[in-house]
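A short write-up of the structure that comes next.
Throughout, protein chains are lettered first and strands after them, A, B, ... in sequence-line order, and every chain is numbered starting at 1. Note: hydrogens, waters and symmetry copies are ignored here, and every other heavy atom, side chains too, is used.
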Amino acid sequence: MNQKISEQEAIRREALQQLRELGINPYPSETYDVNALAGEILEKYPADDSLFGEVQLAGRIMSRRIMGSASFAELQDDSGRIQLYFNRDEICPGEDKSMYNTVFKRLIDIGDIIGVKGFVFTTRMGEITVHVKEFTILCKSLRPLPVVKEKDGKVYDAFTDPEQRYRQRYLDLIVNPEVKDVFRRRARVIQSMRDFLLDRDYLEVETPVLQPIYGGAAARPFKTYHNKLDTTLYLRIANELYLKRLIVGGYDGVFEFAKDFRNEGMSRFHNPEFTQMELYVAYKDYAWMMDLVEEMIEKIVLDLHGTTLIPVGEHRIDFRRPWKRYTMYEAILHYTGTDISGMDEAAMRSFADEIGVETDESMGRGKLIDEIFGEKCEPHLIQPTFITDYPIEMSPLAKKHRSKEGLVERFEAICNGKEICNAFSELNDPIDQRARFEEQLELGRRGDPEAMVLDEDFLRAIETGMPPTAGLGIGIDRLAMILVNKPSIQDVLFFPQMRPESSVTASDEKDEFTSAGIPEEWAKILPQAGYSNLKSLKEANPNKVFNQLCGLRKKMKLDIPAPKPEDVKKWMQDENG
RNA sequence: GACUUGGUAGCUCAGCUGGUAGAGCACGUCCCUUUUAAGGAUGGGGUCCUGGGUUCGAGUCCCAGCCAGGUCACCA
């Protein structure tokens, strides 16, 4: 494997080599036992300076200030950063000062991982510092790290390019400590939710990601193939139909934190794979589920922030119970001033046109209501709000409303202008369910790529009998965005989906040249002379190439004989003809 | 998918109406015995995203493409 390396990387590789020559293994195998963390020392030492008389810690070097025989560095471990003090005569008590002069000063770089042994003290400047008596190289870093500096809360040279931050998340985590914290908080959201559900004795389960029939949501799937079974499988878009089968099987409450996959556009609210928590509880209805959602989210927010009132973007959002509740018709009445509940499809369409909501002929009454709501109401719902009683056309898995014609028993919680959960009284009438699937099939025949497909085994399960059940889906990523106050889903996913990096590597170029009979030592250089492929080389003037190579040889102090002009000409002729 | 902004050194960015590519940090060398984003001096480092075009001459102007961000559309 060859790769283009910058000057700084070359210097690090040289240092690596020198370490080996000094008999130091830059990548040792042994356990390095640690008895303290940076954050722990900074927290406890001020109260009791008799602590930490003998500490051993390990981490990455983040900065160095070398002044003759004394040096300061910063060590970063999982808990934070702490200053290190190195003194030549303490690192090297004997005559041989190379461990300090050579190894520490010349062969260690920012980014290297070391272990240190010493004691904690406070410098004249008042900074808690580890006085290092001994250090061990645990890993030599070959790439320069972005160096971010900070003073009084002001950050200098921050590592901010989103593309690099997402593609190289490890760098982001190393140099932007608040990013690490975001993911800790995300983990706490999930843990808090899990604790809540386990406290109620619901069973955490796992259901298939690979599904022969995808269902449970309106979305386009990813398609894959199983060789042995010779069958098409889909990555799940939801796990709803599997969890309901478990309710049929007799569990009273099941939930799953599920990775779902949807083959759709990407945006700051959409990643092709995302996490959803789905919960199904027997003998309950959607009104009961609304209370559960309120209680659960309020608890999570309290666990995370210690208060229910939190900043989100330019708003302050209060999750304290009870949340506002509107039916969909009420919400539309509230935001447009018009009661549309009695309108037929034609009246509704002209009303939509009137208020500037785009419609098309394929939209039925339910879709029109949904469009009006999405356009005129949803963006205004900043404080957590339940919207209830959705049109039946949009909800093929929800039970018909007990008293309102044309609606289903469904609610969503909207917060910060976005849906954060979706729930209903689950449809358990098998005849009705089959009819709803048939309607979906009809939509599919008319070309709706997101229409649901009919799952015969799921119907068989429902025919066996499912108790009345309340079901819930919460988008974990979207909830995390709100609770950690990040505007983009990419900020709460470690590795958001990105288009693959183009991979024209130096080795490809080199191989192309060597296979044309050009010696390897020159093939390596040619890209630097501006010839990225054989074609561009052959189009060039041989004398110019010869001169460039000689120039580069001198510039790079290459220890190889200069090429002969006739050799260069020979490389550039078409050796095939 | 549409519109829009951006892509210049390892990182953050400047570069005017087109005229020899710059700064800070990082890196190398030398000096300095406790510094606080920063010691002093000095030096090296570039496929200016890619490919075409205009031009005597393109980082800069034009066209096409790639990648990313934002807005919208699609979408839970």
Side-chain angles (χ1 to χ4, degrees), chain A residues 4-12 14-15 62-74 83-90 106 109-111 121-127 129 131 141-168 171 175 216-220 237-238 260 262-272 274 276 358 370 374-375 378 394-395 412 414 418-422 449-450 473-475 477-478 487-488 490 496 498-502 504 506 509 526-532 536 555-557:
Chain A
K4 280 182 198 168
I5 57 174
S6 68
E7 184 192 31
Q8 290 194 47
E9 290 171 273
I11 289 164
R12 284 172 181 241
E14 180 59 29
M62 298 305 289
S63 74
R64 294 200 307 158
R65 295 182 287 275
I66 295 175
M67 28 256 316
S69 62
S71 298
F72 290 87
E74 278 183 296
Q83 178 166 272
L84 305 179
Y85 169 66
F86 291 79
N87 178 293
R88 182 183 59 207
D89 297 326
E90 298 215 37
R106 307 186 55 166
D109 289 292
I110 290 176
F121 75 113
T122 305
T123 64
R124 259 189 238 162
M125 301 298 292
E127 179 147 353
T129 300
H131 186 122
S141 165
L142 295 184
R143 285 178 184 266
L145 225 47
V147 176
V148 180
K149 298 194 176 179
E150 186 242 310
K151 163 81 169 174
D152 298 334
K154 193 173 174 195
V155 179
Y156 300 79
D157 300 325
F159 179 64
T160 51
D161 177 15
E163 178 168 2
Q164 292 199 77
R165 288 185 48 225
Y166 302 148
R167 285 194 198 277
Q168 301 187 69
L171 286 183
V175 305
R220 303 168 76 170
I237 57 172
D260 291 337
R262 298 187 183 176
N263 207 340
E264 291 162 352
M266 290 161 58
S267 75
R268 70 190 177 93
F269 292 103
H270 300 264
N271 194 65
F274 64 100
Q276 195 169 202
E358 281 183 39
D370 194 56
E375 189 78 19
E378 196 171 21
M394 316 300 302
S395 317
E412 292 187 359
I414 315 284
K418 277 277 167 191
E419 167 210 348
I420 55 171
C421 79
N422 182 15
E450 283 157 7
I474 291 191
D477 310 291
R478 295 222 184 137
S488 160
Q490 290 157 309
M498 304 283 274
R499 211 174 280 272
E501 280 182 277
S502 63
V504 178
E509 294 158 356
L526 282 165
Q528 297 188 36
Y531 305 103
S532 58
S536 66
K555 188 174 167 192
M556 298 168 70
K557 301 192 178 78

Taking atom C1' in both B:A2 and B:C61, what distance in whole Å separates the two? 26 Å
Can you tell me which nucleotide in B:G45, B:U35, B:G28 comes closest to the side chain of A:Glu7? B:G45
Any strand is fair game: report the nucleotide pairing with B:G45 by Watson-Crick or G-U wobble, both distances under 3.5 Å, or none. none
So for A:Thr123 and B:U35, does any side-chain atom that can act as donor or acceptor lie under 3.5 Å from a complementary atom in the base? yes
Going through the checks in order, is the side-chain contact (heavy atoms from CB on, under 4.5 Å) test met by A:Glu378 and A:Glu419? CA-CA 8 Å; A:Glu378 196 171 21; A:Glu419 167 210 348; 3.9 Å; yes
Determine the contact category for A:Arg167: base if any of its heavy atoms lies under 4.0 Å from a base atom, sugar-phosphate if only primed atoms, P, OP1 or OP2 are that close, otherwise nothing. sugar-phosphate
Ranking A:Asp161 and A:Ser267 by the position along RNA chain B of their nearest nucleotide, the one closer to 5' is A:Asp161
Rounded to whole angstroms, how far apart are OH on A:Tyr85 and P on B:U36? 15 Å
Nearest-Å distance for atom pair CE/P, residues A:Met266 and B:C74: 19 Å
Whole-angstrom distance between B:U29 and B:G69, as gauged at atom C1': 41 Å
What I want to check is whether an N or O donor and acceptor connect the side chain of A:Gln8 with the base of B:G10 at under 3.5 Å. yes
Assigned partner base of B:A9, Watson-Crick or wobble definition, under 3.5 Å: none
Atom NZ of A:Lys418 to atom P of B:C75: distance rounded to whole Å? 12 Å
Roughly how many Å apart are B:G39 and B:G45, using the P atom of each and rounding to a whole number? 24 Å
Please work out if A:Arg268 contacts a base, only the sugar-phosphate, or nothing of the nucleic acid, heavy-atom cut-off 4.0 Å. sugar-phosphate
Searching all strands shown, indicate the nucleotide that pairs with B:U36 (Watson-Crick or G-U wobble; both distances under 3.5 Å). none
When rounded to the nearest 0.5 angstrom, what distance separates CD1 in A:Ile474 from CD in A:Gln276? 9.0 Å
Quick one: is B:C67 close enough that its OP1 or OP2 comes under 4.0 Å of any side-chain N or O from A:Gln164? no
Please work out if A:Arg88 contacts a base, only the sugar-phosphate, or nothing of the nucleic acid, heavy-atom cut-off 4.0 Å. nothing
With a 4.0 Å cut-off on heavy atoms, is A:Phe159 in touch with a base, just the backbone sugar-phosphate, or nothing at all? sugar-phosphate
I want to check one thing: is the phosphate of B:A68, taken as OP1 and OP2, less than 4.0 Å away from some side-chain N or O of A:Arg499? yes
Distance from A:Tyr85 atom OH to A:Thr129 atom OG1, nearest 0.5 Å? 10.5 Å
Classify the nucleic acid contact of A:Asn87 as base, sugar-phosphate or nothing, counting any heavy atom under 4.0 Å across all strands shown. nothing
Pick the nucleotide of RNA chain B nearest each of A:Pro144 and A:Asp109; which residue has the one closer to the 5' end? A:Pro144
A:Arg143 CZ to B:C27 C1', straight-line distance once rounded to whole Å: 16 Å
Using the rule given for side-chain contact (heavy atoms from CB on, under 4.5 Å), can you reason through A:Phe159 versus A:Leu171, listing the C-alpha separation, both sets of side-chain angles and the distance that settles it, and then say yes or no? CA-CA 9 Å; A:Phe159 179 64; A:Leu171 286 183; 3.9 Å; yes
Salt bridge (charged side-chain N to carboxylate O under 4.0 Å, His left out) involving A:Glu163 - partner list, sequence neighbours excluded: A:Arg167
Distance check needed: B:C74 P versus A:Glu264 CD, whole Å only. 12 Å
Between B:G22 and B:G46, how far apart are the two P atoms, rounded to whole Å? 13 Å
Is any side-chain N or O of A:Arg165 closer than 4.0 Å to OP1 or OP2 of B:G69? no
What are the two closest non-hydrogen atoms of A:Gln490 and A:Pro496, and how far apart are they? CG-CB, 3.5 Å
Between B:G15 and B:A9, how far is it from one P atom to the other, in whole Å? 15 Å
Quick one: closest heavy-atom pair of A:Arg262 and A:Ala238, and the distance? NH2-CB, 4.2 Å
Measure from the side chain of A:Glu163, starting at C-beta and using heavy atoms only, and say which of B:C11, B:C67, B:C75 lies closest. B:C67
Please determine if a side-chain N or O atom of A:Gln83 lies less than 4.0 Å away from the OP1 or OP2 oxygen of B:U35. no
Name the pairing partner of B:G19, where a pair is Watson-Crick or G-U wobble with both distances under 3.5 Å, or state none. B:C56
Distance between C1' atoms of B:C67 and B:U8 (Å, rounded): 16 Å
So what does A:Arg64 touch, heavy atoms closer than 4.0 Å: a base, only the sugar-phosphate, or nothing? nothing
B:U34 base / A:Arg124 side chain donor-acceptor hit below 3.5 Å: no
Check A:Arg268 against A:Pro487 and note the closest heavy-atom contact, atom names and distance. NH1-O, 2.6 Å
Please determine, for the side chain of A:Thr160, which listed nucleotide (B:U35, B:C13, B:C27) has the closest atom? B:C13
Can you tell which of B:A73, B:G70, B:G69 lies closest to the side chain of A:Tyr166? B:G69
Where the side chain of A:Arg65 is defined as all heavy atoms beyond and including C-beta, which of B:A38, B:G28, B:G70 is the nearest nucleotide? B:A38
Considering only the P atoms, how many Å lie between B:A64 and B:U4, rounded to the nearest integer? 12 Å
For B:U4, the Watson-Crick or wobble counterpart (both distances under 3.5 Å): B:G69
Rounded to whole Å, CZ of A:Arg106 lies from P of B:C27 at a distance of 14 Å
So A:Ala217, base contact, sugar-phosphate only, or nothing? Heavy-atom distance under 4.0 Å. nothing
B:C31 to B:A68 separation - P atoms, rounded to the nearest Å: 48 Å
Counting any heavy atom closer than 4.0 Å, what does A:Glu90 reach on the DNA or RNA strands: base, sugar-phosphate only, or nothing? nothing
What is the distance, rounded to the nearest whole Å, between atom CD of A:Glu9 and atom P of B:C11? 10 Å
Closest approach to the side chain of A:Met125, judged atom by atom: which nucleotide of B:U35, B:G69, B:C11 is it? B:U35
Starting from P on B:G28, measure out to CD1 on A:Ile110 and report it in whole angstrom. 9 Å
Check: A:Ser141 main-chain N/O paired with A:Arg12 side-chain donor or acceptor under 3.5 Å: yes
Which part of the nucleic acid does A:Ala158 contact within heavy-atom distance under 4.0 Å: base, sugar-phosphate only, or nothing? sugar-phosphate
Taking atom types as they are modelled, is there a donor-acceptor pair under 3.5 Å from the base of B:U34 to the side chain of A:Thr129? no
